2 protein chains.
Amino acid sequence: MSAPSERSKRRRSTGQQPITLSDVAARAKVSEITVSRILRGVGPIADSTRERVMEAVDAMGYVPNRVAGTLASSVSSLVGVIIPSLSNIVFPEVLQGINAGLEPSGYRPVVGITDYDATTEEKLVASLLAWKPAAMIIAGFDHTPMTRRRLQTSGIRIAELMDIDATPIDLAVGLSHRAAGYDTGRHLLRRGYRRFGYVGHDWSADRRAKLRYDGLRQALCDAGHVFAGEAMTQGPSSTGAGRSMLDALLRSSPDVDVAVFSNDDMAVGGVFHCMTAGITPKRDLGLFGFNGLDIGQALPLRLSTIRSNRFLIGRMAVEKMLQQSERPGTPEIIDTGYEIVEGETA
Amino acid sequence: MSAPSERSKRRRSTGQQPITLSDVAARAKVSEITVSRILRGVGPIADSTRERVMEAVDAMGYVPNRVAGTLASSVSSLVGVIIPSLSNIVFPEVLQGINAGLEPSGYRPVVGITDYDATTEEKLVASLLAWKPAAMIIAGFDHTPMTRRRLQTSGIRIAELMDIDATPIDLAVGLSHRAAGYDTGRHLLRRGYRRFGYVGHDWSADRRAKLRYDGLRQALCDAGHVFAGEAMTQGPSSTGAGRSMLDALLRSSPDVDVAVFSNDDMAVGGVFHCMTAGITPKRDLGLFGFNGLDIGQALPLRLSTIRSNRFLIGRMAVEKMLQQSERPGTPEIIDTGYEIVEGETA
DNA sequence: CTGTTAGCGCATTCAG
DNA sequence: CTGAATGCGCTAACAG
């Protein structure tokens, strides 16, 4: 056994500490930088020394300290991810896409949840930027001026997800919710529906639902129609709210022939209401959602809806940023599109 | 404007760089360590200098570099989190609990997804430990020997979640799935069911489902019964699989009076099958799940199931570890329990 | 192909 | 109450 390096000796005196580059280098009788190079796979290395070093690494169970590495090289393999919630299945799905995109390159997501609160988001942005991430991914465009400034001046790549109905700081990946709403209207008009009811949830925290509503109303307007009725719940979207709000809608406006829901969660609730109220979807009342969630397609009657590609949104954002670590001159927008899912409820 | 420090001058020569402690100190005409102390809220500080420094901090928009801070103090505010999947809503819920527990203390989760693969888990553990997290949270007990060794020797606190049917490295938080299965059996026997069918999914990746099955079988056995039929899908659990597998079960064993599902996803599928097949739950056939998911309780008929407290599991694990940063002498186990949800399907 | 030198930005001593 | 010196563990830059 070779003598430990000066550094190692110092540390060893105070009990068992994690192995460092220095320890490995001492054991393999090379310099620290050589071990570092071998582990990072850079520069020309003699096979014999590589073998010797790898042996030492394995024997000692050395795990490089990325904190030190990041500080020294100012190249981080963390990516900040900020989403409003984990309750809404949509965001875990985006996170899956992000994870899938990051995985192969060894980047790790550091996650923050805003609870749909811009002030929380502001703090999170600062807190995550403090880790000097390689990039930042954030859902939505509703930032405080301070948040926007910090993201702007951080210099790293910034992806704003879900939405492309606004100008991003750097990169936007998502779909046009306004267009999706408009196409919902066109589609349902084509199918012969005329008396539209809307079942929604609180917009203040969900700008995208509002955009879809606006698009839908525009489509109706362009065809010379208006909403025949609306029912909005106060809180966030949920299956339970969908049930009760469809009930409320049908009481106040019994003559609607189609109910458009703010999303699939709400729409699934609507389907459940029909089941208990003896209403046959499509024949008696059209039901239309948004998102294309699995649960909607697993219903006894497949939900008619629009598929937003959440996984793809996450993965695309990551791939785009990994592929070019510098911000382009002008903000870029990637449209991941959407598809109408015919289903059996409209 | 005061003269920049030596360090700042050096950096400034190569274009716009992020603000450092040095810059703030120079502007406030104090030493770096004073700024550091003020920002961390340690030591006695004169009000006048604090004001002066905070002014500089705000004016320059200084954000401390946690990478450097962590290296210098070897006190990290990252927590590694390893879960098998994000598709199964159960894990985002655990993650919510983890996040809720971490939030107030400013710790941030760094997330890894194993896809139920022990080798992936092994790599993730090494990769996350490289960030010198303050603690590590990992779902389940099925680790490779190497993974276990790394977690063991890392010295940081380790929480193994979901399950308490095994001895943890340090801390286990969850429920006894075996007991939950057993109680499911007792409960249904008490309600008069005798001819039990089981509808399950692939166990190889879900040891806990197997444990519940074993517990259930034990309860039947203790009462002198056996399963009247079983139907297992090859892949993971899903609503779709629940539908088709209940169908399969009823074809092969038409005389079962209750179907126990491996979890709520499967059970909801079972309820959907009943709806299309003209079977009235409870009257014609009992249906019982596991997890107590929202979707089950939002069905036209509330699903009979067992509530596992996923959010609580995540939060408890975090709180326990934050409260004591040293590992206790002997592994500790926290039972977050479960409750039978009577529901309307059994 | 390998080593030396000099930091990365901050926090921990230890002095005043 | 404040500061100077030193090093956390690693890597960039420049020798040889």
Side-chain angles (χ1 to χ4, degrees), chain A residues 4-14 17-53 57 60 62-78 129-132, chain B residues 4-14 17-26 28-53 57 60 62-77 129-132:
Chain A
S5 69
E6 284 311 307
R7 240 173 185 163
S8 308
K9 260 192 285 186
R10 204 182 335 97
R11 275 190 303 91
R12 284 286 168 277
S13 57
T14 16
Q17 294 290 325
I19 316 293
T20 70
L21 252 198
S22 184
D23 300 311
V24 178
R27 170 151 176 163
K29 297 195 203 303
V30 293
S31 68
E32 300 182 19
I33 189 68
T34 299
V35 180
S36 170
R37 284 185 184 125
I38 290 172
L39 260 24
R40 283 177 299 145
V42 303
I45 300 285
D47 286 348
S48 60
T49 72
R50 171 180 286 109
E51 277 170 35
R52 205 146 33 87
V53 167
V57 166
M60 308 178 83
Y62 171 66
V63 177
N65 182 337
R66 308 238 15 140
V67 177
T70 300
L71 183 60
S73 65
S74 54
V75 172
S76 172
S77 62
L78 290 180
L129 284 177
W131 285 101
K132 304 288 157 185
Chain B
S5 70
E6 284 311 307
R7 241 175 183 160
S8 307
K9 261 192 286 186
R10 202 182 337 99
R11 276 189 303 93
R12 284 286 168 277
S13 58
T14 16
Q17 294 290 324
I19 315 293
T20 71
L21 253 197
S22 184
D23 300 311
V24 178
K29 296 195 203 305
V30 293
S31 68
E32 300 182 20
I33 189 63
T34 300
V35 181
S36 170
R37 283 188 184 122
I38 291 172
L39 259 24
R40 280 175 301 144
V42 303
I45 301 285
D47 285 349
S48 60
T49 70
R50 171 179 287 108
E51 276 172 33
R52 205 147 34 86
V53 167
V57 166
M60 308 178 83
Y62 171 65
V63 177
N65 182 337
R66 310 245 14 161
V67 177
T70 299
L71 181 60
S73 66
S74 55
V75 173
S76 169
S77 61
L129 284 178
W131 285 100
K132 303 288 156 186

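Since the structure is predicted, the reported quantities are computational estimates derived from the model, not experimental observations. Letters A, B, ... mirror the listed sequences (proteins, then strands); counts begin at 1.
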Checklist entry - Are OP1 or OP2 of dG9(D) and a side-chain N or O of Tyr62(A) less than 4.0 angstrom apart? => result no
Next on the checklist: Any side-chain to backbone donor/acceptor pair from Ser74(B) onto Leu71(B)? Under 3.5 Å, distance only.
Outcome noted: no
Item to check | Integer-rounded Å distance: dG3(C) P and Ile38(A) CD1 | outcome: 9 Å
Checklist outcome for this item: In whole angstroms, the gap separating P of dT11(D) from CG of Leu39(A) amounts to 8 Å
Checklist entry - Could you give the distance from OH (Tyr62(B)) to OG1 (Thr20(B)), rounded to the nearest 0.5 Å? => result 6.5 Å
Checklist outcome for this item: Rounded to whole Å, the CG-P distance (Asn65(A) to dC10(D)) equals 5 Å
Item to check | Ser73(B), nearest nucleotide to its side chain (from dG3(D), dT4(C), dA11(C)) | outcome: dA11(C)
Item to check | Nearest-nucleotide pick for Thr49(A), side chain only, options being dG9(C), dG3(D), dT2(C) | outcome: dT2(C)
Next on the checklist: Of the options dT2(D), dT12(C), dT11(D), whose atoms approach the side-chain atoms of Ser36(A) most closely?
Outcome noted: dT11(D)
Item to check | Base dG9(C) to side chain Arg66(B), donor-acceptor N/O within 3.5 Å cut-off | outcome: no
Checklist entry - Counting side-chain heavy atoms from C-beta on, which of dT12(C), dT11(D), dT2(D) comes nearest to Ala72(A)? => result dT11(D)
Checklist outcome for this item: In whole angstroms, the gap separating C1' of dT11(D) from CD1 of Ile45(A) amounts to 14 Å
Item to check | OG1-CH2 distance between Thr70(B) and Trp131(B), expressed to the nearest 0.5 angstrom | outcome: 9.5 Å
Checklist entry - Of all the choices, dT2(D), dT12(C), dA12(D), which nucleotide is nearest to the side chain of Ala46(B) once you look at every atom? => result dT2(D)
Checklist entry - Separation of Leu71(A) atom CG from dA6(C) atom P, in whole Å? => result 18 Å
Checklist entry - How close or far is atom C1' of dC10(C) from atom CD1 of Ile33(B), stated in whole angstroms? => result 8 Å
Checklist entry - Once you round it to whole Å, what is the distance between P of dA11(C) and CG of Leu21(B)? => result 6 Å
Next on the checklist: In whole Å, I'd like the distance from the CD1 atom of Ile19(B) to the P atom of dG9(C).
Outcome noted: 11 Å
Checklist entry - Measuring from Ile33(A):CD1 to Arg40(A):CZ, what's the distance to the nearest 0.5 Å? => result 5.5 Å
Checklist entry - Heavy atoms under 4.0 Å, any strand shown: does Val75(A) hit a base, just sugar-phosphate, or nothing? => result nothing
Checklist entry - Does one side chain, of Arg52(A) or Ser48(A), offer a donor that lies under 3.5 Å from an acceptor on the other? => result no
Next on the checklist: Under 4.0 Å, heavy atoms only, any strand: does Val30(A) hit a base, just the sugar-phosphate, or nothing?
Outcome noted: sugar-phosphate
Checklist outcome for this item: Considering only heavy side-chain atoms of Ala68(B), the closest of dG9(D), dG9(C), dC1(C) is dG9(C)
Next on the checklist: Heavy atoms only, 4.0 Å cut-off, all strands: where does Thr34(A) land among base, sugar-phosphate and nothing?
Outcome noted: sugar-phosphate
Next on the checklist: Side chain of Arg37(B), heavy atoms from C-beta onward: which of dC10(D), dG3(D), dG9(C) has the nearest atom to it?
Outcome noted: dG3(D)
